[in-house]
Every structure is written in structure tokens, then in C-alpha cells.
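Here is the naming used below: chain letters follow the sequence lines, and residue numbers restart at 1 for every chain.
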Amino acid sequence: MPALQAEIAKLESELAALKARPAGTVDRKRLSFADLAKRLVPAFAEDTWIWETDDERTQALIGPFLEVLREQALEKGITLYEAAQGPDGVAALAIAMMAAMDPPPDAERMKKLEEARAELGKEFDSYLAKRGSLSRLEQYRELLGLGSALSNAVDQDLPEAASDMYWNADNFWDSAKPAEYLSFPGTSAAPGQTFDKVCSTWTDSWSATIGLDPAQKLALRPIVDEYARAIAELNVEADKKSTPSYRYPLNRKDQIALMIKATHRIAAETSLTEAQLKALRDMSVVPGHDLKSAR
Amino acid sequence: MKHILGGFIAGALLAGILLRLLAGGRPGGVEETPAAALPAGRSDSADPAADAEAASFRDATARLERLRAEVASVKASQSGSAAAGNRIPASRSEFARLLSGNLDDFLRNGDRRLPANEDMILRLQALMRLLAQELGLGLDEVGASPEGFAALAREVLDALEPKLDAGARAKAEEAIETARREWEDFAARRKEMTRLERAGNVEPMFERLVEGLKESLEGRAYDAIDSLESLWYDAQPTWAGGYCTYMVASAEDAASQWTESWSHTLQLTPVQKIALKPILDDYVRALTDLHLDTTVYRSKGAFELMVRTQHRMMDTLDLSPAQLQNLDAQVTIYDFAIPPKK
């Protein structure tokens, strides 16, 4: 009887939990990256379908991977991209994949990798602590600076096969991202336009995003002009490094720094309302990729 | 429709099996004592204490069975999500409420990097994955399925305030019904198609569905479906049917290069690889003719050639199940171009 009563109590408790759960959710053991890694490593060794995002076998691995990242994001109140950059995101998957190799890197190297991931964890915690005070562009800037210890450990201490596996994890994340623009502030290309036209277009689009009135829009224009001139200089720098067959990209960090500077000027000089200020802080566009052609 | 029903039936069977496993597998649980195995004639016993104990045992056993049935029933009602193993809420009605609640904000600022918009995209993608699994469809096919975009659009329209007037609603239902008939026609032929072929069929169907819906709506309802469309495109995890032009030195070069690369991706044996070459020679010849034919839209013509070539490979290369799976995953339309000589 006691065993029967215990079973009844267990079922009652299970039923209560089921009924309390929001519709459309079920209990499920969290997918472990170790399990996912065991499927990814042979897939990358086969070197065929795993590179195809549209392959349903790839998607069958991407779905659970995104689910884990998404749960982390929801738990921490951050975006998917941020979760991926954290110590439990792509870095954790990469290390799990290296551990699943045959043979894996030796124990000393695995220890170094875990130490580097722990370092990333500290950096990420500091980031989370100040995240609320940062605009979205400032958040991107901070995230770009994370994880140098880990990439150093990968570049310097690992056999080629293991460092390849690390980058495979990164590529897998690239395939998994729901859309490119979730990963990085966008650029708005303006090929073949005059400089003045480019600045007018950007003034219009920034004004719309922030919700500026006509007077504020007038005050915005010189800020856009200044930003565009600085971006044009970055284009010149990139041109110097380019070859006929390869267009050297603009420096991402420089580009973001310029846009952050512009947003600070907007906040200081255009008398924004609370709602406009919020829209400005949410702005994440970094235009200027093709400004080279605007003269 | 047959296929969809097949998908449902398969899903129901799977759910049934899972439920049976869940109900039957009780690690560390008590030994089951079927009612029939209870000692017979105990009620006639002269021992009232023993009778009471037996009654209590029967009551407890009955309670246990009722609880098991109820737990199984609640789990069954949640089995759609269980099939996809998704812990994040993903149901059409939940997403419809989310979109209608956020519509004004989304229309004001649709930047996908905003957390609220990212959240909608990720939830929509989770829903697509769930529906694909439940319906036994490819991720590319969910949009055109009556259970996909159409059903979701209907829930979005239901969730909108103010409610749609009856006339507009009837027009929207007409567009959905037209799309449903088109889907049924496709579903009847679907099993014979490669994935590329399926994708090539469902993409225009999806476009016609969305256009039909949008043409029937205006104002806020139009904005809602237009927003749903744009979120759908962002959330869609796969897009089979990409058209890729390879730069080659000559048509022969294209046939040789593709023989190598397709043999690798399909994991063909050396004998199969030899048999593939003439198929690709013919494909490249037909592509060359297509380039000269200005009456045919090039990518559409190439799509048809590619599908025909895939069927020829299936018919002649004696592919193993794994190789067939690799062929089904070949969702790019291959074309070539020869750069002009300087």
C-alpha cells in the first residue's frame, strides 16, 4: 500500500504540473551539447550535407541547437545573438565538438580551452551587468570584444584538426542564425549615388526610425553629413588594402564607433522626447558599406 | 490531402506509441496488481479488517488508473509540441495573439534586431518546425499547406481588434479555400516528387495564397497579413530551389566539374559516377540549348531540366536509400556561364 500511495502522489503531482503548464509546452530533457557534438563531428567529417543549410538533416540539428540557445536567451532576458556569444553558447558547443573528436585534444589543451571559456564567462557577466545602460549599438561593440582568450587558445595551442572543429562550430552557428541581420548591425548600401543623395536618404531613414519632427530632422542633417564623411574616409582606407579581385571590408569596430558617436550627437543636439530617445537607443543600423561609389 | 491525413495518422500513431511507453514505463514504480489478480472471495471473509483493507486497496488501484488515464489525456493534448520536443510555447493561437498584440509596434519599427521582433521570428520558426514535424512536411512546404500560413493567417485575423467585417472575412476565406484546393492537387502528386520539385511547386502556391489574402483585405487586417508575410520570410529556415550559376571555361568543363561534385555530395560509387557522366553531358547540352532559347525564362527552364535530370538519376543509377536521401537534399538548380574571352 505505501508504494501504491507513493505512486498516486507522484501522478497527482505530475498531473498538477501538467495542468499548470502553458498550452503548447512539454517537459523535455535539455539537449546536451555533448550529444549534439556527437552528431556534428561525424557530419563535418563527412563534409557534405552539413554545409547545406537547406538540407533537412542539417536543419534537424539546427532546430535543437537554436532551442537551447533560445532557452538561455529567455532565461537571461537577452537576445539569441547574445546567448550565442556567451560562454554557454557557440564556445560551449565548439569545446564539446573538440571533446567528441577521435582523438580529442589532450587533457592539458582541453583544460586550457575550459579556462579560456571561463574567462569568456567572466567577461560576459561584466557585459550583462552593464547591458541595461547600453544602447543596442554599444551592446554590439561590447560583444565584439569578447572571447579573445578563447580564440587565442584555439589559434595558438591546438592541432589543426581541432581548431578546424572550433571554426566548424562557428560555421554551424552561421547556418543556424534565423537571419543574417540578427547577427550584426546592418549596412545600407548606396551604390552609384551622389554624396548629397546618400546623406538625404540616411537623414530620411534615421528620422523615420527615431520619429523626428521636421525641426529635429533639420538638426539631424549635419550629424549625418559628419558621419558620412567619416565613413567615406574608412572606405578610402579599405580601398588602399583592396586588390582588383578583392574588396577589403570596412573595419566593423570603426564603423560601429562612428555610428555610436553619431547617436550620442543626436541625443545631445536634437532635443529628443523619451520615446525618441528609446528609439535612438534601439537603433542598430550602421550604414555605409558602399559609400565609396558616392561622390 | 491524402498525404496530410497520412501525416496526421502517422503523428497520431507515434503519439499513441509514445503515450503507451509513457504510461507503461514506470521506472522505480510499484508492481502492478491487476484487479483480476486480487484474491477471490475476500469480500466474503469474516475478517472485517481484511475486507476494509481490500476495499481500500481497490479504491487506491482505481484512483491510480484514473490518474494514469488523466495524465495520458493531458499529455495527448500537448503531444503536438511533444513531437517536436519544444519547450518554448509554439502554437498558432499563441503566435497570433503575439503578433496582433505587437502589431502597432512592429509597424512603427520593424527592425528585426529589436528583441520583441526577434522574439516573434524565433517563435514563428519554432512553430514552422513543429508544424513540419506534425504534418510530415518539409520546412519549405509548411507555408503553402492549409495548416501553415493559411491557418495562421486565419488566427491572426481572429485575434485582431476591431474584428473584421463579415464581407472581408468571407473574401479572405475564399482566398484560403482557393489555396486549399491547389494544395490538395499538389498533395496528391507530392510523393512522386523530389524535394527540389516540391519546393518549385509550393513556392508559387505560397505566393498566390499571400497575394490572394492581401488582395481581399485592407487597413489593419492588410497590415497584419503583410507583417505576417514578412515575418514568415524572415523565419523560414530553408529555401530550397536556389538558382546558382557556375562560371566555367566550357560546357564540357561544367559537365566534368559537376560529375565530380555531385558524385561527392551524393556519395556515389565509382561505377555510378561513370554512369552519371552521360546524364550530366545531356543536362549541360540541354542547358546550352536553353541559353539560346529566348522564349523560356532561364531559371524556370533550368529548374525543369534539373528536376528531369534528378528523375533520370533515380531511374538509372540504382541509388541506395542513403544516396536517394542525398539526391533529395540536392535543392540547388545548377546552371553555368562562360565568361567572354578578352
**Study point:** Residue pair Leu80(A), Leu122(B): steps toward the side-chain contact (heavy atoms from CB on, under 4.5 Å) verdict
**Key:** CA-CA 9 Å; Leu80(A) 188 84; Leu122(B) 294 172; 3.9 Å; yes

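Interatomic distance, Trp49(A) CH2 to Gln325(B) CD, rounded to the nearest 0.5 Å: 8.5 Å. Atom CD of residue Glu46(A) and atom NE2 of residue His264(B) lie 8.0 Å apart, to the nearest 0.5 angstrom.
No part of Asn117(B) comes within reach of chain A, as not one of its non-hydrogen atoms sits under 4.5 angstrom from that chain. Neither the backbone nor the side chain of Gln330(B) comes within less than 4.5 Å of any heavy atom in chain A. For Asp328(B), no part sits under 4.5 Å from any heavy atom of chain A, backbone or side chain. Contacts of Arg195(B) with chain A are made by side-chain atoms alone, with heavy-atom separations under 4.5 Å and no backbone atom involved.
Of the possible donor and acceptor atoms, none in the side chain of Glu56(A) sits under 3.5 Å from a partner among the backbone N and O of Ala329(B). Panel note: side chain Asp54(A), backbone Trp239(B); a donor-acceptor pair is recorded below 3.5 Å. Judged purely by atom type and a 3.5 angstrom limit, Arg129(B) has no side-chain atom pairing as donor or acceptor with the backbone of Ala60(A).
We find that Arg70(A) and Asp119(B) are joined by a salt bridge, their nearest charged nitrogen and carboxylate oxygen being less than 4.0 Å apart.
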